[in-house]
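Both counts, for ligands and for their atoms, begin at 1 and track the order of listing. We're numbering straight along the sequence, starting at 1. This structure is a prediction, so every number in the text was calculated from the model and none was measured.
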Amino acid sequence: MKVLNYIDGRWMPSISEQFVPIINPANGESIGEVTVSNVQDVEQAVLAAKRAQKTWAFVPAPKRAEVLYKVGMLLQERKEQIARLLTMEMGKVIEEARGEVQEGIDMAFYMAGEGRRLFGDTTPSELPNKFAMSVRAPIGVVGLITPWNFPIAIATWKSFPAIVAGNAVVWKPALETPMMAQQLAQIFEQAGLPNGVFNVVHGRGSIVGEAVVKHPNVKVISFTGSNEVGKRIAETCGRQLKKVSLEMGGKNAIIVMDDADISLAVEAIIWSAFGTSGQRCTACSRIIVHERVKQQLEERLLAAMNTLTVGNGLEEGVKVGPVINQEALQKIHHYVQIGKNEGATLLAGGYIMQGDQYKGGFYYAPTLFTNVTPTMTIAREEIFGPVASIICVRSLEEAIEINNSVDYGLSSAIFTRDIHRAFTAMRDFDTGIVYVNAGTTGAEIHLPFGGTKGTGNGHRDSGVAALDVFTEWKSIYVDYSGKLQRAQIDV
Ligand SMILES: NC(=O)c1ccc[n+]([C@@H]2O[C@H](COP(=O)([O-])OP(=O)(O)OC[C@H]3O[C@@H](n4cnc5c(N)ncnc54)[C@H](O)[C@@H]3O)[C@@H](O)[C@H]2O)c1
Ligand SMILES: O=C[C@H](O)CS(=O)(=O)O
């Protein structure tokens with residue numbers, strides 16, 4: 001399969017004529033190739049988007065929403081086919097891939113509904129015979145830059161609100177997962193979205209991504225990815241006073257108190273830490289446990305880890321798939337060595353999986369450390385792999401302090417049966433997402449998604465909050481008094 005750019009409603013290779021292979025992380029085999037674009041391709045896409053947006057902005061929002069509704073229906077029809085491709089391209093197990101496509105379907109119907117809302121405010125004016133209201137206005141061409149770990153869901157979180165609000169999109173997907181971008185573009189095409197409203201340019205972040213960010217006609221950047229890249233993008237946007245929304249890394253924790261339902265906590269930790277092979281921004285990589293239940297939790301976690309089958313995510317019964325590539329494998333293994341060197345106790349895993357069934361693929365054994373202290377590197381940095389660390393505490397206050405002590409602030413969870421402890425944690429966790437008696441993953445699309453501190457810059461994906469990224473507030477005053485009334489003057 002050859003994956004091409006989608007610009008102005010046409011499928012085209014980059015003018016560079018270069019292609020790179022798309023690799024299935026389960027076995028290292030090439031499953032296709034993708035065009036690698038350059039700055040001129042971005043130029044063409046932005047030009048098309050700018051032209052198309054002028055007309056799209058005048059299409060009534062409920063009509064714009066009808067296209068999203070069709071997109072939702074088409075995603076639903078093709079859910080299984082897209083999910084299987086997603087597993088082949090990115091590696092996550094098929095049941096998770098189905099869940100990811102479902103997020104896109106949910107987002108389509110949710111944002112289609114927004115086409116009939118897009119609420120602003122009406123307020124009383126302080127002057128007689130004067131009407132005051134605020135409306136959301138589209139901004140223009142928006143640039144989307146996305147990672148490989150949720151290659152279709154994150155694109156829907158960003159493109160659907162952008163489009164329903166009357167903007168046009170230039171999307172640079174991750175080079176590892178271009179087939180998902182192709183699927184989404186095909187669906188927009190089939191749903192009847194006018195040419196140029198949605199454009200995809202494949203290529204390297206340092207070339208295509210930077211060109212999108214720098215382009216003066218791209219008025220908003222919505223980025224999800226690593227902190228390193230996010231900060232760089234923010235600097236560039238800052239120089240241009242360009243609006244930028246950043247969703248970045250996490251170092252998420254599950255707190256297990258001494259009154260917790262341990263079976264429930266174990267199930268949640270297994271799913272949050274090792275689901276998607278730990279490659280979720282919301283993955284649980286710290287388990288902060290009360291000393292009274294530490295030993296019990298360790299034993300039950302180890303027993304549960306023994307039942308995890310690692311392998312090709314398309315195979316029946318497999319619970320943990322490969323990680324994305326060789327580089328990720330090495331990075332994860334490097335962190336495990338650091339953990340050992342800094343004095344953490346390795347309870348399980350800690351190695352790259354080898355053997356016939358893993359041949360060619362990138363498999364890391366689910367790994368558990370204990371006796372980890374909050375200052376150790378593995379307790380502070382994002383590993384983005386199936387590695388979790390147990391930190392022991394004596395009180396809720398200590399647990400909350402450790403939870404909040406990292407540079408990130410995406411998701412945190414507490415297991416307790418005590419309502420006072422639960423509400424204290426809800427109040428004091430310094431993260432954008434909080435769970436009580438559930439793991440750190442599993443966000444739903446109708447609530448804001450994002451985090452505090454190093455995780456973001458105050459914006460949110462998902463929910464109505466996403467519209468704030470892609471619209472500008474316009475405040476409108478209509479004076480029907482027939483005379484010039486002046487506010488801030490004694491009347
Ligand atoms: N908070 C969230 O919502 C969320 C969700 C998923 C993933 N993530 C984070 O994403 C990271 C993993 O994804 P990744 O490895 O693809 O991240 P990454 O930052 O390497 O890449 C993300 C995207 O940015 C592009 N890019 C790279 N350099 C660029 C540059 N100089 N200018 C513009 N674009 C550039 C890449 O090509 C890719 O499309 C993790 O840190 C994870 O926590 C965050
Ligand atoms: O990043 C996308 C995920 O769906 C969010 S979560 O891990 O399920 O919370």
Interfacing atoms of ligand 1 (cut-off 4.0 Å, heavy-atom, [X]):
X: R232; answer: 31 (N)
X: T224; answer: 2 (C), 3 (O), 4 (C), 5 (C), 6 (C), 7 (C), 8 (N), 22 (C), 44 (C)
X: G205; answer: 25 (C), 26 (N), 27 (C), 28 (N), 29 (C), 30 (C), 31 (N), 32 (N), 33 (C), 34 (N), 35 (C), 37 (O)
X: I154; answer: 5 (C), 6 (C)
X: P173; answer: 39 (O)
X: N149; answer: 6 (C), 7 (C)
X: G209; answer: 32 (N), 33 (C), 34 (N)
X: C281; answer: 1 (N), 2 (C), 3 (O), 4 (C), 5 (C), 6 (C), 7 (C), 8 (N), 43 (O), 44 (C)

What protein heavy atom is closest to [atom], reported as residue, atom name and distance in Å?
atom: atom 39 (O) of ligand 1; value: T146 O, 2.7 Å
atom: atom 12 (C) of ligand 1; value: F384 CE2, 3.6 Å
atom: atom 3 (O) of ligand 1; value: F449 CE2, 3.1 Å
atom: atom 8 (O) of ligand 2; value: R280 NH1, 2.7 Å
atom: atom 9 (C) of ligand 1; value: G225 O, 3.2 Å
atom: atom 13 (O) of ligand 1; value: P147 CB, 3.3 Å
atom: atom 44 (C) of ligand 1; value: M248 O, 3.0 Å
atom: atom 4 (O) of ligand 2; value: E103 OE2, 2.5 Å
atom: atom 7 (O) of ligand 2; value: T282 OG1, 2.5 Å
atom: atom 17 (O) of ligand 1; value: S226 N, 3.4 Å

Less than 4.0 Å between a side-chain N and a carboxylate O, is that true for [Y] and [X]?
X: K219; Y: E472; answer: no
X: K2; Y: E33; answer: yes
X: R117; Y: E114; answer: yes
X: D407; Y: K251; answer: no
X: E95; Y: K319; answer: yes

Review point. Between V3 and H202, which heavy-atom pair has the shortest distance, and what is it?
Key: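 That would be CG1-NE2, 3.4 Å.
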
Less than 3.5 Å between some nitrogen or oxygen of [X] and one of ligand 1, yes or no?
X: K172; answer: yes
X: E210; answer: yes
X: V229; answer: no
X: E382; answer: yes
X: W148; answer: yes

Check your understanding: Is the closest side-chain donor-acceptor distance between E189 and W11 under 3.5 Å?
Key ->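 Yes, because at least one side-chain N or O of E189 sits under 3.5 Å from a partner of the opposite role on W11.
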
Review point. In terms of side-chain heavy atoms, does W148 have a donor or acceptor partner in Q279 at a distance below 3.5 Å?
Key: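 On atom types as modelled, these side chains do not qualify, holding no pair under 3.5 Å.
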
Check your understanding: Which bit of N227 is near ligand 1, meaning a heavy atom under 4.0 Å away: side chain, backbone, both or neither?
Key ->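 No part of N227 is near ligand 1 at this cut-off.
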
Review point. Side chain or backbone of I145 under 4.0 Å from ligand 1, or both, or neither, by non-hydrogen atoms?
Key: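 Contact part for I145 vs ligand 1: side chain (C-beta onward).
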
Practice item. Mark whether atom 21 (O) of ligand 1 lies under 4.0 angstrom from at least one protein heavy atom. Key: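 For atom 21 (O) of ligand 1 the answer is no, since every protein heavy atom stays at 4.0 Å or beyond.
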
Would you mind listing which atoms of ligand 2 come within a distance below 4.0 Å of any non-hydrogen atom of [X]?
X: A443; result: 6 (S), 8 (O), 9 (O)
X: F449; result: 5 (C), 9 (O)
X: W157; result: 1 (O), 2 (C)

Check your understanding: Under a heavy-atom criterion of less than 4.0 Å, does D461 contact ligand 1?
Key ->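 No.
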
Check your understanding: Would you say I233 contacts ligand 1, with heavy atoms under 4.0 Å as the rule?
Key ->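 Within the 4.0 Å threshold, so yes.
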
Check your understanding: About how many Å separate CD1 of I433 and CG of N252, when rounded to the nearest 0.5 Å?
Key ->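 Output value for this atom pair is 8.0 Å.
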
Review point. For the atom pair CG (L314) and OG1 (T87), what is the distance rounded to the nearest 0.5 Å?
Key: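 Answer rounded to 0.5 Å: 5.0 Å.
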
Point to revise | Residue pair Q182 / M1, side-chain heavy-atom distance below 4.5 Å | key: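 They are in side-chain contact.
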
Review point. Would a 4.5 Å heavy-atom cut-off, applied to side chains only, mark P178 and P173 as touching?
Key: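 The answer is no, as the side chains (C-beta and beyond) never meet within the 4.5 Å cut-off.
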
Review point. So, does G442 sit close enough to ligand 2 that a heavy atom of it is under 4.0 Å from the ligand?
Key: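 Right, G442 reaches ligand 2.
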
**Study point:** Axial cation check for F470 ring with K243, 6.0 Å and 45° limits
**Key:**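 Judged by the rule (NZ or CZ under 6.0 Å from the ring centre, within 45° of its axis), K243 is not positioned above F470.
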
